[in-house]
2 protein chains.
Amino acid sequence: MEENKHVTIYDIAERLNLATSTISRALKDHHTISDKTIKKVKKTAEEMGFVPNTLAAGLRGNKTRTIGVLIPTVTQPFLSSLISGIEITAQKSDYTVIIMQSHDSYEEEVNMAKSLYSNRVSGVICSLAMETRDTAHFNQFSNNNIPLVFVDRVPKGYNTFRVVIDNYTAGYKATKHLIEQGCIRIAHFTAGSELGNLYNERKRGYIEALKDHNIEVEEELIINLNSVTYEDGVKASNHLFDLKPIPDGLFAPGDILAVSAVQTAKKRGVKVPEEFKVIGFNNDPISQIIDPNLSTITHPAEKMGKAAAEIIIKNLKSSKNDDAKEITFLNTEVLARESTQK
Amino acid sequence: MEENKHVTIYDIAERLNLATSTISRALKDHHTISDKTIKKVKKTAEEMGFVPNTLAAGLRGNKTRTIGVLIPTVTQPFLSSLISGIEITAQKSDYTVIIMQSHDSYEEEVNMAKSLYSNRVSGVICSLAMETRDTAHFNQFSNNNIPLVFVDRVPKGYNTFRVVIDNYTAGYKATKHLIEQGCIRIAHFTAGSELGNLYNERKRGYIEALKDHNIEVEEELIINLNSVTYEDGVKASNHLFDLKPIPDGLFAPGDILAVSAVQTAKKRGVKVPEEFKVIGFNNDPISQIIDPNLSTITHPAEKMGKAAAEIIIKNLKSSKNDDAKEITFLNTEVLARESTQK
DNA sequence: TATTTTTACACAACCGATTGCAATTATTGT
DNA sequence: ACAATAATTGCAATCGGTTGTGTAAAAATA
């Protein structure tokens, strides 16, 4: 149990009779240091087990090479894939990732944002909490020139980078797919959230698709959920199956909801897809597990993570204060599987 | 677009005509500072939008209140729940969590460990990569008195904290359950990994359970997988169903594998659970989605995360150099669902 | 009132890497 | 051989909190 104190560049400097500045430069191949010295320093550093202190460097240079990620939770497949993408890209450029969960709480999001700022992250990637209604807590980043990228659940009217899918089009595609499979009375689950209102967009797509195909929009078939959970999905599904006649299709803006509908249908003796076709959203793992396999809309989580991280890194490199905070749209596709088969 | 420079305690000190030391102490309610001053300082800090620089504090105090988490991936349900548990506990005690993924690669694990050390994390929670065969890269933590907790996939013969389940007993229970449900020829999938060999333990439990119930252990029914993936599960399952007669039960040490077996069974016309009963492991979300619902063994991911984080935090508080690195065993249970019904 | 004890705050070093600038040494040209 | 230039390396300040120690003022005690 030896108490190795951390080895610093001072230790190396002493050993080699050089200045710390020389060590510092040698370690990063600065051109003013001779090759001989560089080799010597690196060798000694290696021998002594030197590991640079990120804090010191970060404090001095005011850059930490750290990307803060602020998301509702890590346990949703979409979000953990998002993280994965961020992390892979970050790792390539030698960035570290700090992850914080808001648990969809506004208060926690505010605290976490402050904590990220406190840690002087170089950039921030965020997907908004459900509860969040204003974005003042993100000003500390914008004001200090810390690149900020919102992903998926993004605020309106806030000038930052955004990486999203076109939820309107996706909703349209999903609904159109159901129509093409023969549905004429299509139900829809939705959920209200003002800021990161991707459900509204999907709903808009749903409605437009119906209109374009001359199908009447029935308010009774659009069910507003309190939360996007399995339980609420079951409730809503039961409600649908209580109707007479029941609808013949459902566009659920999430695979969990879709699965809850399929399972509720089974319980109530409704045959999927014969009597009731379902399309979900996200292409979560469960969509391929459930029987019948769930048709769904792809949601390129990992790609979105990569894109977001790349924006941060690129922005940090150029460091020019682009005022143009572009929006990156990633593509989505219909995955036609068993649950919407004719 | 105002360029607010970060507000520091120097700024506050100047404004109030006080020393930075006073500011620093006032902000943390040091007893040598008068209440009046404390209030004044806090108010001003608030007004000026002061956010402490974690780096500076960490550098000086050599403690960052950061917990490093080093795991194979964040996308497995077990691991993302583990993170969730860690994060919840950390947040309560005002710790930050840094997450890094090894992607089951030894090399990456070594790099990530170095990076965590470089970030001077206060503690480390790790679940080993599949590839990892030695633990030398963790010595930097032990040697420097940085608490290290291994979770789930833990190394043998390395004196650190460990939070695990009793894989042997869990394997025994799972197998016993199958026997109780009437199985007499029980197959088992396993996977080889030397260091964090939880599969070996589960297998050991499987074998002992068979022996205790006077059932012959047939090598032919124990299949060694290269990886714990859906694809390899399908292969192995097909292999089982090629046997004559086919086994009547399977203990799969992971729900993905179990699901792959159930789905392969369906494809090949084998009825689950009538002809073939299956029990999985982990209680992943998919276990409740698949039809028939999968019997499984609970794996208290979030609890394990919490336990691990608590160990770190407790250890950091007492800071006494406990040589006793206890092992925390968490409980597992059989969840009997449809896939093993008589 | 004089003296001791508290109370409240200031001073300054410190953590470890970075970097502008000065200084030294080596190299080149004439 | 000597100035001029280039190549190396050293010096010292800096980032922003933290903390041991010193000190002046206020309060308590004699």
Side-chain angles (χ1 to χ4, degrees), chain A residues 4-42 44-45 48-66 94 96 114-115 117-122 144, chain B residues 4-42 44-45 48-66 94 115 117-122 144:
Chain A
N4 295 348
K5 273 290 121 245
H6 306 274
V7 178
T8 72
I9 57 171
Y10 288 87
D11 301 324
I12 304 176
E14 195 178 6
R15 175 110 131 215
L16 294 178
N17 255 310
L18 288 170
T20 58
S21 52
T22 305
I23 309 297
S24 174
R25 288 177 176 123
L27 287 172
K28 35 193 49 159
D29 297 308
H30 198 276
H31 69 278
T32 65
I33 307 295
S34 68
D35 288 352
K36 200 173 41 171
T37 305
I38 289 182
K39 262 179 207 145
K40 194 168 53 177
V41 169
K42 285 190 176 174
T44 309
M48 298 178 74
F50 170 75
V51 179
N53 184 327
T54 309
L55 302 175
L59 175 59
R60 167 63 215 242
N62 205 36
K63 50 188 170 215
T64 54
R65 295 188 81 79
T66 293
D94 209 31
T96 298
K114 188 184 268 187
S115 176
Y117 181 73
S118 187
N119 276 283
R120 295 298 186 269
V121 292
S122 300
N144 285 288
Chain B
N4 296 346
K5 271 291 124 242
H6 308 274
V7 178
T8 73
I9 55 171
Y10 288 87
D11 301 325
I12 304 176
E14 196 177 6
R15 174 111 131 215
L16 294 178
N17 256 311
L18 288 170
T20 59
S21 53
T22 304
I23 308 298
S24 173
R25 288 181 173 118
L27 287 172
K28 36 193 47 159
D29 296 307
H30 198 277
H31 68 278
T32 65
I33 308 294
S34 67
D35 288 351
K36 201 174 37 169
T37 306
I38 289 181
K39 261 178 209 147
K40 194 169 54 178
V41 169
K42 285 191 175 173
T44 309
M48 299 178 73
F50 170 75
V51 179
N53 184 328
T54 309
L55 301 174
L59 175 58
R60 167 61 215 243
N62 206 36
K63 51 190 169 214
T64 54
R65 295 189 81 79
T66 292
D94 208 31
S115 177
Y117 180 74
S118 188
N119 277 283
R120 295 299 185 268
V121 293
S122 299
N144 284 290

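Chain identifiers are assigned alphabetically (A, B, ...) following the order of the sequence lines, protein sequences preceding nucleic acid strands; residue numbering begins at 1 within each chain.
A:Thr22 pairs by the side chain to side chain donor-acceptor pair (under 3.5 Å) definition with nothing, not counting sequence neighbours. Residues satisfying the side chain to side chain contact (heavy atoms under 4.5 Å, CB included) criterion with A:Thr96, sequence neighbours excluded, are A:Thr66, B:Ile98, B:Met100, B:Ser115, B:Asn119. For B:Arg15, the salt bridge (charged side-chain N to carboxylate O under 4.0 Å, His left out) partners are B:Glu47, not counting sequence neighbours. Remark: B:Ala57 pairs with no residue by the side chain to side chain contact (heavy atoms under 4.5 Å, CB included) rule, at least two apart or across chains. B:Ser122 pairs by the side chain to side chain donor-acceptor pair (under 3.5 Å) definition with B:Thr64, not counting sequence neighbours.
When the P atom of D:dG16 is taken as reference, atom CD1 of B:Ile12 falls 12 Å away, rounded to whole Å. For the pair B:Leu27 CG and D:dT18 P, the interatomic distance rounds to 8 Å; values are reported in whole Å. Whole-Å rounding puts the B:His31 NE2 to C:dT6 P distance at 12 Å.
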Please assess A:Leu16 against A:Val41 for the test side chain to side chain contact (heavy atoms under 4.5 Å, CB included), listing each intermediate value before the final yes or no. CA-CA 8 Å; A:Leu16 294 178; A:Val41 169; 4.0 Å; yes
In the 5'-to-3' direction, what one-character label does each nucleotide of nucleotides 9-19 of chain C receive under the scheme B = base within less than 4.0 Å of a protein heavy atom, S = sugar-phosphate only, - = no such atom? SBBBBBBBBBB
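Enclosure of atom NZ in A:Lys40 by more than 12 non-hydrogen atoms of other residues, nucleotides or ligands within 6.0 angstrom is indicated.
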Show me the donor-acceptor pairs within less than 3.5 Å that the side chains of residues 23-33 of chain A make with the rest of the protein, sequence neighbours left out.
| from | atom 1 | to | atom 2 | distance (Å) |
| --- | --- | --- | --- | --- |
| A:Asp29 | OD1 | A:Lys42 | NZ | 2.9 |
| A:Asp29 | OD2 | A:Lys42 | NZ | 3.2 |
| A:His30 | ND1 | A:Thr32 | N | 3.3 |
| A:His30 | ND1 | A:Thr32 | OG1 | 2.9 |

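An end-to-end axis angle of 40° holds for the helix from C:dT1-D:dA30 to C:dT30-D:dA1, taken from five base pairs per end and rounded to 10°.
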